[in-house]
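What you are looking at is a predicted structure, and each value in this text was computed from that prediction instead of being measured.
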Amino acid sequence: MERGALPLGEAVFRALCGALRDGAYRPGDRIVEDEVAQKLEVSRTPVREALGRLLAKGLIEHAGGRGMVVRRPDAAEVLELYAMREILEGAAARLAAIQATPPEVDTLRDLADGFAGAADDPRALARLNRLLHEAIVRAARNRFLDAALREMQDAIALLGPTTFNVGGRPTTAVAEHAAIVGAIAARDADTAEQAARAHIREALRARLRLMQDAG
C-alpha cells in the first residue's frame with residue numbers, strides 16, 4: 001500500500017482499487033472492514049473512508065446481511081462501458097501516433113512483444129495488455145484523456161475474469177496490438193485509431209462470450 005505523504009484514507013482507497021484491478025476481489029466478493037484494516041495494518045477509520053468512496057463510485061454495494069460486496073455490472077452497463085472505451089482508446093491511439101517519441105514507440109513494441117510471448121498465461125497477458133494501453137495513453141500526452149481512462153479502469157475491474165481466458169483471444173489480440181503499434185510507429189493517426197477501436201470491439205465480443213458461458 002502506498003503511504004508516504006498520502007492521507008491514510010487515500011492510501012487505503014488506492015490499495016483497494018488496485019486489488020480490484022488485479023482481480024484480488026471479484027464481483028460478488030465481500031469486503032470486510034476489519035479484514036481490510038488488519039491486512040493493510042491501519043485502523044478502521046481510513047478503511048471506512050475508503051469504502052465510502054468505493055460505494056459512491058458504484059464499485060461496491062450494500063448486500064443486506066452480507067455487508068459490502070463488489071458490484072456485478074449488468075449486460076447493458078457492459079455495452080455502455082465498452083462503447084465509451086472504444087472511443088477513448090481510439091482517441092489515445094490517434095494522439096499517440098502524433099505525439100509519441102521514438103523511445104516511447106520502442107516501449108510499445110517491447111510490451112507488444114512481451115504480450116506475444118506470454119500466450120499461455122492469462123494473468124500475465126492481462127497485466128501486459130494493461131501496461132501497453134497505459135503506455136499508449138502516456139504517449140498521447142492528454143491529461144483529460146488520461147483521467148477519463150483511469151476512471152474507466154475501475155469500472156472494467158468489476159467485469160471479472162480477463163477476456164484472455166477465451167479460447168483464441170490471445171492470438172487475435174497479438175495481431176491487434178501489432179496493428180496499433182505499427183500504425184503509431186508509422187505516424188498514421190487514422191489507422192491507429194481504427195485499429196484501437198477494432199481491438200476494443202473484439203475485446204467486447206470476448207467479454208460477451210464470457211458472460212454467456214457464466215450464465
Considering all heavy atoms, the nearest [X]-[Y] contact:
X      : Y      : value
Val70  : Ile60  : CA-CG2, 4.2 Å
Ala118 : Ala124 : CB-CB, 4.2 Å
Pro73  : Val78  : CB-CG2, 4.4 Å
Leu128 : Gly114 : CD1-O, 3.5 Å
Leu132 : Leu111 : CA-CD1, 3.8 Å
Ala140 : Ala92  : CB-O, 3.6 Å

Rounded distance [0.5 Å steps], [atom1] in [X] versus [atom2] in [Y]:
X      : Y      : atom1 : atom2 : answer
Gln194 : Ile180 : CD    : CD1   : 12.0 Å
Glu193 : Ile184 : CD    : CD1   : 11.5 Å
Arg201 : Glu86  : CZ    : CD    : 4.5 Å
Cys17  : Lys57  : SG    : NZ    : 6.0 Å
Leu16  : Leu40  : CG    : CG    : 6.5 Å
Leu54  : Tyr25  : CG    : OH    : 10.0 Å

> Is there any ring pair (Phe, Tyr, Trp, His ring centres under 6.0 Å) pair reaching into residues 36-95, and which pairs are they, with sequence neighbours excluded?
Replying inline: none
> What pairs of residues pass the ring pair (Phe, Tyr, Trp, His ring centres under 6.0 Å) test when at least one of them lies in residues 137-171, not counting sequence neighbours?
Replying inline: Phe115-Phe164
> Heavy atoms, side chains only, cut-off 4.5 Å: are Ile31 and Val69 in contact?
Replying inline: no
>> Is there a side-chain contact between Glu202 and Thr163 in this structure, where contact means two heavy atoms from C-beta onward sitting under 4.5 Å apart?
In response: no
>> Under 4.5 Å between side-chain heavy atoms, counting indirect links through other Ile/Leu/Val/Met/Phe/Trp/Tyr residues: same cluster for Leu159 and Leu125 or not?
In response: no
>> Show me the pairs that pass side-chain hydrogen bond (donor to acceptor under 3.5 Å, both in side chains) and involve residues 106-123, at least two apart or across chains.
In response: none
> Restricting to pairs with a member in residues 27-39, which pass side-chain hydrogen bond (donor to acceptor under 3.5 Å, both in side chains), not counting sequence neighbours?
Replying inline: Glu33-Arg44, Glu33-Arg48, Asp34-Arg44
>> Under a 3.5 Å cutoff, is there a donor and acceptor pairing between the side chains of Glu89 and His133?
In response: yes
> Any salt bridge (Lys or Arg N to Asp or Glu O under 4.0 Å) pairs touching residues 95-104, not counting sequence neighbours?
Replying inline: Glu104-Arg141
>> Please list all pairs meeting salt bridge (Lys or Arg N to Asp or Glu O under 4.0 Å) that have one or both residues in residues 159-182, counting only residues at least two apart or in different chains.
In response: Arg169-Glu176
Are any side-chain N or O atoms of [X] and backbone N or O atoms of [Y], one a donor and one an acceptor, separated by less than 3.5 Å?
X      : Y      : value
Arg85  : Ile156 : no
Arg71  : Glu61  : no
Asp213 : Leu210 : no

> Please walk me through it: do Leu208 and Leu79 pass side chain to side chain contact (heavy atoms under 4.5 Å, CB included)?
Replying inline: CA-CA 9 Å; Leu208 293 176; Leu79 292 173; 4.3 Å; yes
>> Taking Asp146 first and then Arg150, would you say they form a salt bridge - that is, a charged N and a carboxylate O separated by under 4.0 Å?
In response: yes
